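One structure is given below, encoded as structure tokens.
Throughout, numbering of the chain's residues begins at 1 and tracks the sequence. In this text, all values refer to a predicted model and were calculated from it rather than measured experimentally.
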Amino acid sequence: MYCGDETGAFIGDVGSHTARFGYGGEDCPKVVIPSAVYKHSPDENNNAGSSLGNQTIRGGKKRGVVQRGNYTAPVSLMNVPPQSCFSLEGEDRDVGFIPIYQSMNSNNNQTKQTGQDSCDGDGVIQDIDAWASLWEYSFSALAARGKSKHTVGYQKMEQSHDGPIDHPLLAVDSSSRIISTNLQEKQKARVLETLFETLSAPAAYIAPSAMLSSFANGRQTSLVVDVGHTGSRVTPVVDGYLLHSGSCKSGRGGMWLGDVQQRVLEGCWKINGTDGVVNKWNGWKGAPPCQQDGVTPRYILHSNIEKIKASQLEQLKKSPFHSIAVHEVMYEMMSSTSLQSFGIGTDTTSTPFVGYGSADDNNDVTMEDKNDDDVEVEDDGPSYVLPDGTKIDLAQQAGKDLSRLPQLLLSEDLPSLAQPQTSDANGYASNMLPLHKLVHRSLSQILDADLRKELASNIILTGSASLFPGLDKTLSIELGKVLPASYKHKVISSKSTVENRYGAWIGGSILSSLGSFQQLWLSKKEYEENGAVLGLQRFNNN
């Protein structure tokens, strides 16, 4: 048992897109970095730190990256990875860029376009050492090691990566039964081992993200709808415990929306299993704006791109680094005010992108039939400019549909470029349900009628992909169509962007500050005496 009125806990929430770190009791995380690390060749380790240079983190202060073994953090998606990350020999030439979760370990040319496998591997940590490297960087950035930081300050203090840490560590568990029970227990045991033996924590606790998101909104019982980067999850929380029987997931999330957006800009997608459908109606007056070279990520526009070899650039374009860098550009576009000003509910009579590439009589129009000479393009209309200078005309049909992209989270029909390969009896893939259908399925799996009504009246909408304007209102309208009239449903969504984006971390900050919570910490002494078994029993929020 690790007790105390003020323990000064350190909170870490490593999500699929970003990792958030900070001290308990604060209102937001102080370090937010990508959920990935660089992995260097063994013979290049000594030069890795010098080749990376300095990174600018929150607050404007420059601090060097942190290296532990072959790994360094944080990564920069705006610059080419250092030379030590490229393998020089062998047929299997990979780039030393390691996403924390398996769901991000793929590129745009794989199965994302169907959405069928977008949730596969979600929540599974593929490299626990890479996960620990993110914690090490946060310790360095926030001066978490060493008691002298309170007297001499950070600038005069020399930190050691191997020294003890004075703060108990609270790790947010993002898996929450998306993965099998056996795999989840093994992963928790590995996380506990890393917290105590690698990071030298005096005490630790692992809390599920759904429970913390519920606490962040001031509720012990709620239905948490987490619309994240790799998909959407609905988890019932009753008195702080998760009801896994009612948990559901869907592949519709921020990454899926970005992939749909990219394929519209490039004018290439799968129709009936056929790759590269072109020369069909695609919503643009002429060729799609990014058809020739594709969407260009920021690292290709950087001046140091000329320093790497052509073979290394091709190697980089086939890696997860390129895929994630492209999705960063897509996220910037879909979250820009130029597109969001149209609102999610401006036109709910039709589904965006439906009919693109179709072979129907009404839509079987080739690009030759839509010759640019017959069309006058308005230069003064609404537009968006990509980082490489490509101008996206939002006045065209495809541009208008891009402005309504978030509607796909709730649309009954999916466009052909994102149609799943297999469907259930209701016409949906089992993991591609729209949000309101996902909530309905979760509630229908709960046997207690009174509990269903209570959960329906406390639906919490959270996650980075839930920040689109009007999403909460549209979800409430759609739920009114599928839920019984006796259910007085209520969708709760914070008006604060920080609270929505970092809900799980804020819940951990609140929980670690409660005096009644301090007896729940798993101390290092208890871990040494009982191993991870005691932790698995104590952290079993079922």
| message | Set out, in order, the CA-CA distance, both residues' side-chain angles and the distance that settles side-chain contact (heavy atoms from CB on, under 4.5 Å) for Leu386 and Val329, then state yes or no. | response | CA-CA 8 Å; Leu386 295 176; Val329 177; 4.2 Å; yes
| request: Show the numbers, then the answer: is there a side-chain contact (heavy atoms from CB on, under 4.5 Å) between Trp135 and Leu169? | output: CA-CA 10 Å; Trp135 284 82; Leu169 305 181; 4.1 Å; yes
| query | Please walk me through it: do Glu314 and Lys309 pass salt bridge (charged side-chain N to carboxylate O under 4.0 Å, His left out)? | reply | CA-CA 9 Å; Glu314 290 300 319; Lys309 302 177 181 178; over 6 Å; no
| query | Yes or no on salt bridge (charged side-chain N to carboxylate O under 4.0 Å, His left out) for Arg190 and Glu185, after CA distance, side-chain angles and deciding distance? | reply | CA-CA 9 Å; Arg190 292 171 61 203; Glu185 290 182 353; over 6 Å; no
| request: Show the numbers, then the answer: is there a side-chain contact (heavy atoms from CB on, under 4.5 Å) between Val191 and Ile128? | output: CA-CA 7 Å; Val191 168; Ile128 196 66; 4.2 Å; yes
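Here the CG atom belonging to Leu242 is positioned 4.5 Å from the NE2 atom belonging to His244, to the nearest 0.5 angstrom. Within the model, atoms CH2 of Trp505 and OG of Ser213 stand 13.0 Å from one another, a figure rounded to the nearest 0.5 Å. Leu408 CG to Phe353 CZ: the interatomic distance, rounded to the nearest 0.5 Å, is 6.0 Å.
For Lys188 (side chain) and Phe539 (main-chain N/O), a donor-acceptor pair under 3.5 Å exists by modelled atom type. The backbone N or O of Gly399 sits less than 3.5 Å from a side-chain atom of Ser403, completing a donor-acceptor pair. For Asn500 (side chain) and Leu467 (main-chain N/O), no donor-acceptor pair under 3.5 Å exists by modelled atom type.
When each of His327, Arg263, Met330, Met333 is paired with Val295, the side-chain contact (heavy atoms from CB on, under 4.5 Å) condition holds for Met330 and for no other.
The minimum heavy-atom distance between Ser174 and Val14, with the atom names listed, is OG-O, 3.6 Å. Nearest heavy atoms, Pro288 versus Glu266: CB-C, 3.9 Å. Nearest heavy-atom pair across Ala465 and Gly254 is CB-N, 3.9 Å. Closest non-hydrogen pair, Trp284 versus Ile392, comes out as CH2-CG2, 3.7 Å. When all heavy atoms of Leu438 and Ser232 are compared, the closest pair comes out as CD2-O, 3.9 Å. Closest approach of Cys85 to Tyr38, counting heavy atoms only: SG-CB, 3.7 Å.
Defined by atom type and a distance below 3.5 Å, a donor-acceptor pair is present between the side-chain atoms of Asn79 and His302. Between the side chains of Arg404 and Gln407, at least one donor-acceptor pair of N or O atoms lies under 3.5 Å. Using a 3.5 Å distance cut-off with no hydrogens or angles, the side chains of His17 and Ser464 do not pair a donor with an acceptor. Thr72 and Gln67 share no side-chain donor-acceptor pair at under 3.5 Å. Tyr71 and Asp127 are linked by a side-chain donor-acceptor pair at a separation below 3.5 angstrom, with hydrogens and angles left out of the test. A donor-acceptor pair shorter than 3.5 Å can be found between the side chains of His322 and Tyr299.
Ring centroid separation for the pair Phe139 and Phe10 comes in under the 6.0 Å cut-off.
A salt bridge links Glu136 to Arg145: at least one charged side-chain nitrogen sits closer than 4.0 Å to a carboxylate oxygen.
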